[in-house]
Amino acid sequence: MCGIIGCAGRDGETLDVLVHGLSKLEYRGYDSAGVALAGSDLDVCKTAGEIDELRAALEERSPSGSVGIGHTRWSTHGPPTDENAHPHLDCNREVAVVHNGIIENYQELRDELSTAGHEFRSDTDTEVVPHLIEDALADGADPEDAVRQAVARLEGSYAVCVVMSGVDRIFAARNDSPLVLGVDGEARSASESASGDEPRAAYYLASDVPAFRDHTDRVVYLADGEFAVVDADGYRVTTLDGEPVEKTEDTVDWDPEETGKSGYDHFMLKEIHEQPRALRQCFRGRVDELSGTVDLADLGDLSPRGVQLVACGTSYHAAVYAAQLFQQAGIPAQAFLASEYATSPPPIGDALVIGVTQSGETADTLSALREARRRGARTLAVTNTVGSTVARECDHAMYIRAGPEIGVAATKTFSSQIAALNLLSLAITSVGDSREVISGLRDLPGAVQEILDTSTAQEIAETYRDAESYFFIGRGLHYPVALEGALKMKEITYKHAEGFAAGELKHGPLALVTSDTPVFAVVTGDDEQATKTVGNVKEVEARDAPVVAVTDGASDVERYADHVLEVPDTHRRVAAVVANVQLQLVAYHTADMLGRSIDKPRNLAKSVTVE
Ligand code: F6R
């Protein structure tokens with residue numbers, strides 16, 4: 001669970017490009033960082049801590065070289081120390097390796113290498129790689145072959161980049177961990193042509209596109225089992241055995257600006273405010289309001305008899321929401337925590353298994369989908385990340401089009417997942433009121449904007465910032481909103497928060513409710529569900545708990561609430577999104593007042609590529 005960057009062809013700027021790229025990848029992990037530059041020598045600088053610590057170390061000593069690699073780490077083997085930071089080196093300090101993933105047979109390899117006399121300096125699984133390369137070089141292999149031989153010995157997941165002293169090339173390989181190539185060949189200007197200067201070209205490798213998006217929008221996604229050799233003259237992709245692979249170039253369609261904070265204090269706040277635009281992007285070209293239909297023709301004919309959704313964390317909450325939509329449309333559907341799916345797999349029958357994952361790289365979700373495929377299921381990825389592992393491995397992929405999300409806490413991707421899953425449910429089921437749903441979806445970006453413009457969440461956060469514990473309740477489609485409200489609160493404020501199905505409170509959790517536990521109740525509309533939730537609100541009010549009602553005012557919940565967070569009157573299928581925006585803002589402002597590390601909460605990482 002780390003971020004990798006590599007760069008060739010930026011002579012004199014390599015170090016700056018690497019450090020800038022690492023700062024864009026910090027969301028993938030941030031407990032240590034390092035760089036290695038190669039030219040005639042190999043120069044390495046690495047340190048525990050965030051990228052700023054690395055910057056400080058580089059002020060004292062600036063490595064130089066024509067090619068380079070960098071890494072930001074999220075620990076899996078060994079604590080975050082200088083020694084465990086990547087890049088890792090061989091005994092002679094001539095080979096440097098950065099790695100994302102987990103090498104499952106590392107202990108066996110390490111024992112073998114130690115017995116052969118290699119000295120290890122770190123606790124990491126990664127360090128076996130430079131030592132394996134060192135052995136192959138000593139046996140007479142050329143640099144490229146030495147890396148291939150080493151990689152062939154690895155079991156598990158990896159994206160690796162390797163540089164060596166005296167070699168102006170980067171070698172890279174991937175299996176089960178993301179790695180993408182950036183291509184930046186500038187056309188020759190007239191004066192350059194006249195002067196006979198060579199056109200400038202640069203090539204990048206990274207775990208994710210934001211690392212080099214400021215330099216190029218042209219990308220080549222590497223697949224599992226592929227091996228790349230990159231230098232200032234270009235790139236070559238083969239299988240690990242050396243068979244050439246034809247790759248096609250893609251163009252990413254989002255702006256580098258989109259990965260900056262654009263004046264907001266935190267990425268999370270910026271991303272909360274980007275929701276209206278993200279939602280519009282999700283709907284664009286997919287909805288015909290006049291006919292009341294949704295066109296997802298690129299997915300082909302799905303017509304499932306049943307649906308199983310697998311996901312983790314926030315994406316799981318979107319899956320719980322979507323399962324209700326499918327059930328309401330008469331399709332048996334169930335949401336599973338991806339990490340639990342394989343332990344007691346449900347009968348697949350003719351079900352479509354949908355993996356909901358914004359990153360597209362979450363190991364638990366990938367593993368559940370692989371299990372489903374192994375048992376014969378058709379799979380569909382609902383993801384934000386084009387070219388991600390989930391999109392490539394599933395039979396079908398539907399993109400939520402939220403744009404890059406940098407803050408570790410998922411916000412706009414949750415809203416866009418709900419929007420996309422709404423479209424999907426309309427496309428594959430026949431819902432009587434599809435015109436009404438579609439007009440509800442059309443109004444959704446405006447409703448979210450209204451909340452962003454008028455929310456009093458900051459005042460609520462101020463009132464309850466010192467509470468020890470927060471409860472969130474909701475029923476039906478608002479139940480996943482209660483779960484999500486609590487998850488957001490706990491992950492960025494570090495305070496205890498729990499979400500419940502409103503009716504469950506009286507079956508146990510009510511014992512915890514006191515005047516010190518604010519209860520956020522999500523109640524919209526005035527149907528039977530709303531009336532029942534108002535009944536549950538009365539139960540907590542009677543125990544002196546402060547109540548914050550997130551409501552459109554249709555029920556009489558306000559009578560029992562100490563505060564109200566208003567939401568516009570929307571279609572019941574989209575009310576969950578608007579209510580959730582209020583809860584995102586409460587969590588954000590509470591964390592901000594408490595001085596928390598909002599974009600990079602402790603112990604968490606954006607992309608969880610280990611099971
Ligand atoms: C919480 C959060 C996580 C992710 C989870 C799954 O704010 O972001 O709970 O939702 O790790 O990630 P994806 O959607 O990338 O599979």
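Counting starts at 1 for both ligands and their atoms, following the listed order.
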J.: Can you confirm whether the side chains of Gln324 and Tyr479 place a donor and an acceptor under 3.5 Å from each other?
T.: no
J.: Counting heavy atoms only, name the option from Thr314, Ile492, Thr362 that's nearest to atom 12 (O) of ligand 1.
T.: Thr362
J.: With atoms numbered from 1 as shown, which atoms in ligand 1 lie under 4.0 angstrom from a non-hydrogen atom of Ser315?
T.: 10 (O), 13 (P), 14 (O)
J.: With respect to atom 6 (C) of ligand 1, which of Ala338, Ala311, Cys312, Ala587 exhibits the smallest heavy-atom separation?
T.: Cys312
J.: Given that the side chain starts at C-beta and the backbone is N, CA, C, O, which of these parts of Thr413 lies under 4.0 Å from ligand 1, counting heavy atoms, or is it both or neither?
T.: neither
J.: Considering the heavy atoms of Lys488, write down every atom of ligand 1 situated less than 4.0 Å from one of them.
T.: 1 (C), 7 (O)
J.: Would you check if there is a donor-acceptor pair between the side chains of Arg573 and Asn422 at a distance under 3.5 Å?
T.: yes
J.: When you compare the side chains of Thr411 and Gln275, does any donor N or O come within less than 3.5 Å of an acceptor on the partner?
T.: no
J.: Say whether, by atom type as modelled, one donor and one acceptor occur between the side chain of Asn384 and the main chain of Pro404 under 3.5 angstrom.
T.: no
J.: Report the part of Glu361 (side chain from C-beta onward, or backbone N, CA, C, O) that has a heavy atom under 4.0 Å from ligand 1; answer both or neither where that applies.
T.: neither
J.: With a 4.0 Å cut-off on heavy atoms, does Thr383 reach ligand 1?
T.: no
J.: Nearest heavy atom to atom 15 (O) of ligand 1 wins, so pick from Ala409, Ala318, Ser359, Ala605.
T.: Ser359
J.: Below the 3.5 angstrom mark, is there an N/O of Ala410, backbone or side chain, next to an N/O of ligand 1?
T.: yes
J.: For Thr357, is at least one N or O under 3.5 Å away from an N or O on ligand 1?
T.: yes
J.: Using modelled atom types and a 3.5 Å cut-off, is there a donor and acceptor pairing between side-chain atoms of Thr385 and backbone atoms of Ser359?
T.: yes
J.: Do we see a donor-acceptor contact under 3.5 Å between the side chains of Glu361 and Thr389?
T.: yes
J.: Please confirm whether Gln417 comes within less than 3.5 Å of ligand 1 when only nitrogen or oxygen atoms on both sides are compared.
T.: no
J.: Side chains of Ser455 and Gln582: is there a donor and an acceptor less than 3.5 Å apart?
T.: yes
J.: Could you list the atoms of ligand 1 found under 4.0 angstrom from a heavy atom of Glu491?
T.: 1 (C), 7 (O)
J.: Do me a favour and list the nearest non-hydrogen protein atom to atom 11 (O) of ligand 1 with residue, atom name and distance?
T.: Val608 CG2, 4.0 Å
J.: Does Ser416 use its side chain to pair, donor to acceptor, with the backbone of Lys412 at less than 3.5 Å?
T.: yes
J.: Between His86 and His71, how do the two ring planes meet: parallel, tilted or perpendicular, split at 30° and 60°?
T.: parallel
